[in-house]
Amino acid sequence: MMFMKMRTFGIWVLVLGFLAGCGKEHDHADHDGGHHHHAHTAPHGGSLVMLGNHEAQLEFVVDSENKLLVMYVLDGHAEHFLRIPQESVELEISYEGAKETVTLMAIGNAATGETVGDTSQFQSKVSWAFDGVKFGARLKEIAVRGTTYSEEAFSFPEGRH
C-alpha cells in the first residue's frame with residue numbers, strides 16, 4: 001500500500017515538473033555542450049539585439065519602402081514594448097566601407113499613447129535602406145529599466161543574442 005502511494009506521488013511530481021517547464025515557448029536546442037539558449041522571434045520581422053542577460057531586446061527593422069531604420073525597445077523575451085524616456089539614440093553605422101552616425105529619434109504613437117520621452121519606437125531616414133542590406137553598428141548609449149548600456153556592437157541582419 002505504501003509503495004502504491006509513493007509511486008503515485010512520484011508520477012505526479014514528474015508530471016508537474018514537465019508541465020512547469022520554463023513558462024515560455026523557446027527553442028531549447030542544445031547548441032554548445034549542454035547550455036540551452038532561448039530563441040526569440042522579432043515581432044516586426046527585424047533583427048534582435050539582446051541587452052544584458054535578457055533584460056531587454058532591441059529590434060532593428062529596415063523599412064526599404066520609406067527609407068527608414070527603425071528600432072523598437074522590447075522586454076527580454078521580445079514580447080512586450082518597453083517605453084524609455086530618451087528622445088534619441090545614436091548608432092555608428094559601418095556600411096560598404098564608410099562610417100556614419102545615425103540618430104534615431106523617438107516616435108510618438110497616438111494609438112498606443114506613446115509620446116516623445118515615453119516611447120518604445122525610434123527611427124531615422126537613411127539613404128541605404130533597402131531589402132537585403134547588411135551593416136555593422138555600434139549603439140552609443142541607451143538606458144532601459146534603470147540600466148545604461150554603452151558601446152553595444154552588433155551586425156544587421158544577424159543581430160546579437
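Values in this document were obtained by computation on a predicted structure and should not be read as measured data.
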Does Ile84 belong to the same Ile/Leu/Val/Met/Phe/Trp/Tyr cluster as Leu69, with side-chain heavy atoms less than 4.5 Å apart forming each link? yes
Answer yes or no: is there a side-chain heavy-atom contact under 4.5 Å between Leu68 and Lys125? yes
Shortest non-hydrogen contact from Glu141 toward Ser150: OE1-OG, 3.5 Å
List the atom of Phe130, the atom of Val62, and the distance in Å for their closest heavy-atom pair. N-CG1, 3.8 Å
Only distances under 3.5 Å count here; give the side-chain donor-acceptor pairs of residues 94-116 to other protein atoms, sequence neighbours excluded, each with its distance to 0.1 Å.
| from | atom 1 | to | atom 2 | distance (Å) |
| --- | --- | --- | --- | --- |
| Glu100 | OE2 | Trp128 | NE1 | 2.8 |
| Asn109 | OD1 | Ala111 | N | 2.8 |
| Asn109 | OD1 | Thr112 | N | 3.4 |
| Thr112 | OG1 | Asn109 | O | 3.3 |
| Thr112 | OG1 | Glu114 | N | 3.4 |
| Glu114 | OE1 | Thr119 | OG1 | 2.6 |
| Glu114 | OE1 | Ser120 | N | 2.9 |
| Glu114 | OE1 | Ser120 | OG | 3.2 |
| Glu114 | OE2 | Ser120 | OG | 3.0 |

With rounding to the nearest 0.5 angstrom, report the CG to OG1 distance, Leu51 to Thr147. 9.5 Å
Audit row: Val49, Phe156, side-chain contact (heavy atoms from CB on, under 4.5 Å) steps and yes/no: CA-CA 9 Å; Val49 174; Phe156 184 93; over 6 Å; no
With clusters defined by side-chain heavy atoms of hydrophobic residues (ILVMFWY) lying less than 4.5 Å apart, directly or transitively, does Val89 cluster with Phe154? yes
Between the CD atom in Glu158 and the CZ atom in Arg160, the distance rounded to the nearest 0.5 Å is 13.0 Å
Taking Tyr72 as the starting point, is it possible to reach Leu91 by hopping between hydrophobic residues whose side chains are less than 4.5 Å apart? no
Taking the side chain as everything from C-beta on, heavy atoms only, tell me whether Lys134 gets closer than 4.5 Å to Pro157. yes
I need the Ile142 CD1 to Leu58 CG distance, nearest 0.5 Å. 5.0 Å
How far does CG of Asp118 sit from CZ of Arg83, to the nearest 0.5 angstrom? 5.0 Å
Ser47 side chain to Gly159 backbone, donor-acceptor under 3.5 Å: no
Interatomic distance, Leu139 atom CG to Glu90 atom CD [nearest 0.5 angstrom]: 9.5 Å
Shared ILVMFWY cluster between Val61 and Val126, side chains joined below 4.5 angstrom? no
Does a side-chain heavy-atom distance below 4.5 Å link Gln121 with Glu59? no
Is there a path of hydrophobic side-chain contacts, each under 4.5 Å between heavy atoms of I/L/V/M/F/W/Y residues, joining Val70 to Leu74? yes
When the ring planes of Phe81 and His44 are compared, do they come out parallel, tilted or perpendicular, using 30° and 60° as the limits? tilted
